[in-house]
Amino acid sequence: MELGLVGLGKMGGNMRERIRRAGHTVIGYDRNPDLADVPSLEELVGKLKGPRVVWVMVPAGAATQSTIDELSELLQPGDVVVDGGNSRWTDDEKHAEELKAKGIGFVDCGVSGGVWGLQNGYALMYGGDKDDVAKVQPIFDALKPEGDFGSVHAGKVGAGHFAKMVHNGIEYAMMQAYAEGWELLEKVDSVTDVREVFRSWQEGTVIRSWLLDLAVNALDDDEHLEKLRGFAQDSGEGRWTVEAAIDNAVPLPAITASLFARFASRQDDSPQMKMIAALRNQFGGHAVESKSEH
């Protein structure tokens with residue numbers, strides 16, 4: 001099938017390549033002309049045959065809103081817009097209503113896979129009307145990992161981004177647990193090879209995971225994380241997860257504590273946050289701050 005893809009950065013660019021490898025046609029637009037296949041959204045829409053599907057992979061908030069506003073003037077009834085960025089689920093409901101007034105469908109899709117998605121596939125959580133989802137299904141099938149899992153129609157509009165938000169909240173807590181364990185191991189005199197302790201956990205233990213594998217990768221690159229500053233940003237989704245928990249009276253002590261730990265990292269050079277920063281760089285290509293920069 002044909003797909004219009006808006007936003008060809010670290011995630012969008014690799015997604016374009018994976019979809020093309022599956023045999024589909026992708027016409028990509030990006031503000032950076034070196035990355036784009038066409039010079040404008042108008043030309044992107046003009047090159048697609050109806051019913052059109054346009055997937056938006058731009059930053060949440062104003063950038064997503066302006067892109068959807070422009071697409072709403074260019075697309076026709078029966079077309080579908082997919083928001084695959086990290087938008088807040090409440091924005092999805094607003095976008096769906098705006099597009100529905102013009103007969104245009106809307107699907108929200110949480111995408112997980114980071115810089116490894118091209119090789120491994122992307123975990124996809126999507127929300128929307130089943131008829132709109134059906135129009136996008138071949139693209140979901142191209143992006144997902146091989147096998148029976150890794151893709152889910154999570155529910156109504158907003159469900160995809162809500163599920164991805166909770167996924168990221170869990171990710172915060174898992175990274176924090178690994179980071180705290182790593183700092184404690186580094187602190188005691190009796191453990192002389194912390195990196196190899198982490199490596200030993202990769203097989204046969206209940207805490208083995210892809211995050212653990214990435215932690216070992218980071219330690220192989222910098223055994224004691226001495227090159228990193230203990231500073232970690234948050235994407236916003238951890239905050240939204242905690243806010244949703246408060247709204248629904250659901251206790252999330254581990255996720256909440258991990259979010260607050262990131263806030264603390266911006267006050268002091270935290271050893272734990274060196275591991276958090278290293279993990280975020282490993283799985284998502286997120287920027288890290290080196291000590292030499294300060």
Side-chain angles (χ1 to χ4, degrees), residues 3-9 11-12 15 28-31 40-42 44-45 48 50-112 122-137 139-140 143 151-169 234-250 252 259:
L3 177 74
L5 182 59
V6 183
L8 302 171
M11 288 280 283
M15 289 168 62
Y29 169 72
D30 193 276
R31 290 184 301 173
S40 67
L41 278 180
E42 184 175 6
L44 179 148
V45 171
L48 297 171
R52 303 170 186 85
V53 176
V54 179
W55 188 305
V56 179
M57 286 294 293
V58 301
T64 295
Q65 183 67 62
S66 64
T67 302
I68 290 176
D69 287 345
E70 188 171 352
L71 287 171
S72 72
E73 299 298 324
L74 297 170
L75 295 174
Q76 301 295 322
D79 295 343
V80 176
V81 172
V82 182
D83 179 7
N86 281 332
S87 295
R88 188 166 181 153
W89 80 97
T90 49
D91 291 342
D92 296 327
E93 297 164 358
K94 175 175 178 286
H95 295 152
E97 287 300 315
E98 292 169 347
L99 292 169
K100 184 179 180 180
K102 299 188 176 185
I104 302 167
F106 178 82
V107 174
D108 63 288
C109 183
V111 181
S112 181
Y122 299 87
L124 306 171
M125 298 142 269
Y126 36 92
D129 180 84
K130 65 179 182 179
D131 292 334
D132 293 331
V133 167
K135 293 176 182 177
V136 191
Q137 193 64 52
I139 302 301
F140 292 146
L143 287 171
S151 176
V152 61
H153 185 182
K156 299 182 292 185
V157 164
H161 280 145
F162 194 93
K164 176 57 163 49
M165 176 195 74
V166 174
H167 165 281
N168 282 20
D234 65 284
S235 64
E237 292 193 277
R239 301 184 191 210
W240 300 343
T241 305
V242 172
E243 289 170 5
I246 293 169
D247 291 341
N248 291 278
V250 175
L252 301 184
L259 174 65

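Quick note: numbers below take in every heavy atom, side chains included, and nothing from hydrogens, waters or symmetry partners.
A distance-only check finds no donor-acceptor pair linking the side chain of Asp132 to the backbone of Gly128 [under 3.5 Å]. Although no hydrogens or angles enter the test, the distance criterion places a donor-acceptor pair under 3.5 Å between the side chain of Asp129 and the main chain of Asp131.
Counting heavy atoms from C-beta outward, Asp79 and Val53 have side chains that stay 4.5 Å or more apart. Glu237 has its side chain within reach of Asn86: a pair of non-hydrogen atoms, C-beta onward, lies under 4.5 Å apart. Between Val82 and Phe106 the shortest side-chain heavy-atom distance does not fall below 4.5 Å. Considering only heavy atoms from C-beta on, Asp83 comes within 4.5 Å of Thr64 through its side chain. Here the side chains of Met15 and Trp55 are in contact, with some heavy-atom distance below 4.5 Å. Residues His95 and Gln65 have side chains in contact (heavy-atom distance under 4.5 Å, counting atoms from C-beta outward). Side chains of Thr241 and Asn168 form no contact here, defined as non-hydrogen atoms less than 4.5 Å apart. Looking at heavy atoms from C-beta onward, Leu41 lies in side-chain contact with Val6 at the 4.5 angstrom threshold.
Distance check: Met57 CE to Asp30 CG gives 11.5 Å after rounding to the nearest 0.5 Å. Rounding to the nearest 0.5 Å places CG of Leu48 at 8.5 Å from CG of Leu75. With rounding to the nearest 0.5 angstrom, the OG atom of Ser112 is 3.5 Å from the NE2 atom of His167. Between the CG atom of Leu143 and the SG atom of Cys109 there is a distance of 8.0 Å, given to the nearest 0.5 Å. Distance check, rounded to the nearest 0.5 Å: OH of Tyr29 to CG of Leu44 gives 9.5 Å.
Residue pairs meeting the salt bridge (Lys or Arg N to Asp or Glu O under 4.0 Å) criterion with at least one member in residues 87-96, sequence neighbours excluded: Arg88-Glu243, Lys94-Glu98. Sorted by first and then second residue, the salt bridge (Lys or Arg N to Asp or Glu O under 4.0 Å) pairs involving residues 63-74 (not counting sequence neighbours) are Glu73-Lys102.
Taking all atoms of both residues into account, the shortest heavy-atom contact from Ser72 to Leu99 is CB-CD2, 3.7 Å. Scanning both residues, Leu5 and Leu8, for their nearest heavy atoms gives CD2-CD2, 3.8 Å. Considering all non-hydrogen atoms of both residues, Ala60 and Ser87 come closest at CB-CA, 3.7 Å. Residues Leu252 and Ala245 come closest through the heavy atom pair CD1-CB, 3.3 Å. Residues Ala154 and Gly160 share a closest heavy-atom pair of CB-N, 4.4 Å. Considering every non-hydrogen atom in both His161 and Gly84, the closest pair reads NE2-C, 4.4 Å.
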- Query: Are Val80 and Arg52 close enough, and set up right, to give a side chain to side chain contact (heavy atoms under 4.5 Å, CB included), and what steps lead you there?
  - Reply: CA-CA 6 Å; Val80 176; Arg52 303 170 186 85; over 6 Å; no
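Of the residues Trp240, Tyr126, Trp89, the one that meets the ring-ring contact (aromatic ring centres under 6.0 Å, His included) test with Phe162 is Trp89.
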